[in-house]
Amino acid sequence: MKSRISKLQEYISKNEMDGALITRKENLFYFTGSSLVLGGYLLITPHDATFFVPELEYEEARETSKVPVEKFKKLDELYETLKRFNVLGMEGSTSISFSNSLKEKSKIEEFKFLDDVIKELRIIKTPEEIKVIEDACRIADMAMMVALEEISEGKTEREIAAKMEYVMKMNGADKVAFDTIIASGKRSALPHGVASDKRIEKGDLVVIDEGAFYRHYNSDMTRTIVVGTPNERQKEIYEIVLEAQRKAVEAAKPGITAKDLDKIARDIITEYGYGDKFIHSLGHGVGLQIHEWPRLSQTDETVLREGMVVTIEPGIYIPNFGGVRIEDTIVITSNGARRLTKTERELI
Ligand code: CO
């Protein structure tokens with residue numbers, strides 16, 4: 001934790017800020033090791049760091065925080081402390097009303113963004129972080145196994161999703177990383193078809209997109225199956241998506257750019273004539289947030305480096321027919337990539 005804060009301190013000194021104020025929960029956890037229900041305010045100066053927390057959570061913070069903790073009763077106390085600052089670093093997502101209050105009550109003259117440095121730190125996962133994400137992925141594998149066993153004609157999508165969530169929690173997950181997507185039949189053409197009351201029918205393509213939130217980190221995986229015997233077109237699009245997914249995972253390694261990796265998968269799908277049906281990016285970073293950097297999109301020029309954790313999730317979506325998406329969470333290694341979600345990828 002110390003080095004994370006010292007890197008931030010170097011950055012604020014170099015960029016002529018008097019201090020930095022962190023308020024986003026996942027960043028508070030990242031820099032202090034504390035995760036508080038009500039959150040708090042981490043104030044970092046070039047030589048110091050203090051974590052201001054509500055009185056209610058003072059004890060909890062004192063036990064978990066790597067940074068000295070101080071309690072406050074009213075935000076006015078924080079505004080008072082900040083009166084000696086002219087230039088303050090903030091997260092880009094800080095609310096306008098809060099920054100207006102800081103301007104008014106603390107007389108802050110200028111805000112600078114911290115997003116670049118926070119991104120640069122968080123985008124590379126430490127071996128400890130990778131270990132936790134790997135565990136989150138293992139839980140996602142267990143939930144997927146249950147989905148594959150349970151999905152059958154007549155059951156509702158919601159029923160399957162509930163069983164998956166149960167398995168995740170029984171295996172240590174705090175919660176689902178996001179609302180489980182079970183999209184069957186024509187609904188599988190909706191990339192974000194959260195589980196509904198629809199009953200699964202014979203012949204349906206079923207897209208299952210799920211992940212676990214475990215010890216503050218996320219996992220993300222998608223599989224697509226056919227209930228009963230797949231028809232030719234279902235098989236065709238499945239094989240195309242699988243080929244694109246495999247090739248992209250194989251090509252992922254340090255040195256390749258995010259957009260070149262997207263292109264590898266997109267070119268395959270385009271060659272088969274479905275380029276216009278691959279309507280999203282190839283993937284995204286995964287960590288404290290389910291969607292973080294880098295974006296594996298057609299425009300992201302991020303060069304992949306060892307320690308990045310990303311998803312590879314090409315898909316084909318045909319309105320009124322159905323869709324296929326196959327997704328793994330992977331980690332970039334020194335010379336390639338390793339899949340952290342391991343459920344089999346062949347068509348079931
Ligand atoms: Co994803």
Side-chain angles (χ1 to χ4, degrees), residues 26 119 122-123 125 129-130 132-144 147-148 157 161 164-165 168 173 175-183 187-195 205-214 216-225 238 241-242 244-249 251-252 258-259 261-262 264-266 269 277-300 302 304 308-317 323-332 337-345:
E26 68 274 3
K119 169 185 166 183
R122 277 180 45 194
I123 202 168
K125 273 68 179 175
E129 288 179 295
I130 292 167
V132 178
I133 297 172
E134 196 159 11
D135 285 339
C137 287
R138 201 165 34 78
I139 296 171
D141 276 322
M142 290 185 220
M144 186 60 80
L148 300 180
E157 296 171 349
M164 293 168 73
E165 184 168 349
M168 286 190 219
K175 55 182 180 180
V176 290
F178 50 90
D179 287 338
T180 302
I181 291 171
I182 311 263
R187 292 189 76 248
S188 62
L190 311 170
H192 289 149
V194 171
L205 275 165
V206 187
V207 172
I208 310 141
D209 187 350
E210 50 106 4
F213 183 80
Y214 173 77
H216 306 284
Y217 287 83
N218 293 280
S219 57
D220 195 358
M221 164 167 57
T222 308
R223 290 293 181 269
T224 303
I225 63 166
Y238 192 92
V241 173
L242 182 56
Q245 205 264 359
R246 282 216 163 107
K247 293 269 164 67
V249 172
K259 69 176 195 185
L261 198 55
D262 179 283
I264 286 172
R266 201 166 298 279
I269 292 174
K277 303 288 186 286
F278 178 15
I279 50 179
H280 53 70
S281 303
L282 177 64
H284 52 88
V286 177
L288 293 169
Q289 286 167 282
I290 183 68
H291 292 118
E292 53 178 60
W293 329 268
R295 309 279 164 190
L296 301 188
S297 71
Q298 293 175 81
T299 52
D300 192 330
T302 306
L304 297 194
M308 288 184 182
V309 174
V310 298
T311 66
I312 302 289
E313 50 179 309
I316 293 177
Y317 309 92
V324 172
R325 177 166 69 256
I326 303 170
E327 169 185 34
D328 282 310
T329 299
I330 66 168
V331 57
I332 307 300
R338 188 160 59 87
R339 283 167 65 211
L340 300 180
T341 46
K342 294 175 177 152
T343 302
E344 213 187 298
R345 289 177 287 184

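Scope of the values below: all heavy atoms of this structure, side chains included, with no hydrogens, waters or symmetry mates. Computed from a predicted structure; not experimentally measured. Atoms within a ligand are numbered from 1 in the order they appear, just like the ligands themselves.
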At the Co ion (ligand 1), what angle lies between atom OE2 of Glu327 and atom OD2 of Asp220, rounded to 10 degrees? 80°
Using the Co ion (ligand 1) as the apex, give the angle to atoms NE2 (His284) and OE2 (Glu313), rounded to 10 degrees. 80°
With respect to the Co ion (ligand 1), please indicate if His291 possesses an N, O or S atom at a distance under 2.8 Å. no
Looking just at side-chain N and O atoms, do Asp220 and His284 make a donor-acceptor pair shorter than 3.5 Å? yes
Taking atom types as modelled, find out whether Tyr317 and Arg325 have a side-chain donor-acceptor pair closer than 3.5 angstrom. yes
Mind checking the OG-CG spacing from Ser219 to Asp328? Nearest 0.5 Å is all I need. 11.0 Å
Between Arg345 and Glu327, is there a side-chain N and carboxylate O pair less than 4.0 Å apart? no
